[in-house]
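These notes concern the structure reproduced below.
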Amino acid sequence: MTTNRTFTMLKPDAVDKGYIGAILKKINAAGFKIVAMKMTRLTRAGAEEFYKIHKERPFFGELVDYMTCGPIVAAILEKDNAVEDFRVLIGATDPAEAAEGTIRKLYAESIGNNAIHGSDSNENSEIESAFHFSGREVFSGNFF
Ligand code: IDP
Ligand code: MG
C-alpha cells in the first residue's frame, strides 16, 4: 500500500545554501507529489538513531555532526516506483560520481555533505517516514 512512497531529507548544506526551492522544483518536475513536509532539526540522539545502520562506519561521527549542524527539510513523496525512481533522481552518494542532471551532481558539495537523502527500500521508507511524521501529518489524495 505504501510501496509508492519514499522519504527524503534536504540536508543542512542544501538548506544553508538556499537550494530548498530549486530542489523541490526538480522533485515535483520529476513527477513526485509531496504528501508530507517540514523544516526541522535533528537532535544528536535522533541522527544517531536515523543512521544507526552506519554506526560502525568510520564516517559515523562526521555524519552525525553534519546532520545536526543546521535545519533540514523532511518530506514524504508519492509516485509509482517512488523509492527506485527517487534514487535515480538524486544520483550517486558521491557527487563526483553522480550522473549529469541529478540533484547531488547539481547541489552536493562532497560525499559527506551531499545535499539530499533518499530511502533505499520500501521497508526503510516506511521506517524513516514514521521516524519524522505521524499519520495525521501525511496528506494523500485530492482535496479539490
Ligand atoms: P546514500 O545516502 O546514498 O544512501 P549511504 O551509504 O547510505 O549513502 O550513506 C549515508 C550517508 O552517509 C551519505 O548520504 C553521506 O551523507 C554519508 N557518507 C557516506 N559515505 C561517506 C564517506 O565515505 N564519508 C563521509 N560521509 C559519508
Ligand atoms: Mg543510504
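Order of appearance sets the numbers: ligands from 1, and atoms from 1 within every ligand.
The pair Asp65-Arg44 meets the salt-bridge criterion, with a side-chain N (NZ, NE, NH1 or NH2) lying under 4.0 Å from an Asp/Glu carboxylate O.
Applying the side-chain hydrogen bond (donor to acceptor under 3.5 Å, both in side chains) rule to pairs touching residues 67-77 yields nothing, sequence neighbours excluded.
At a heavy-atom cutoff of 4.0 Å, ligand 1 is surrounded by Lys11, His54, Phe59, Glu62, Leu63, Arg87, Thr93, Arg104, Ile111, Gly112, Asn114.
Looking at heavy atoms from C-beta onward, His132 lies out of side-chain contact with Glu137 at the 4.5 angstrom threshold.
Within a 6.0 Å radius of CD in Glu84, no more than 12 heavy atoms belonging to other residues, nucleotides or ligands are found.
For Lys38 and Phe133, the positive end sits near the middle of the six-membered ring, less than 6.0 Å away and at most 45° from its axis. A cation-pi arrangement is present between Lys79 and Phe32 under the rule of less than 6.0 angstrom and at most 45 degrees off the ring axis.
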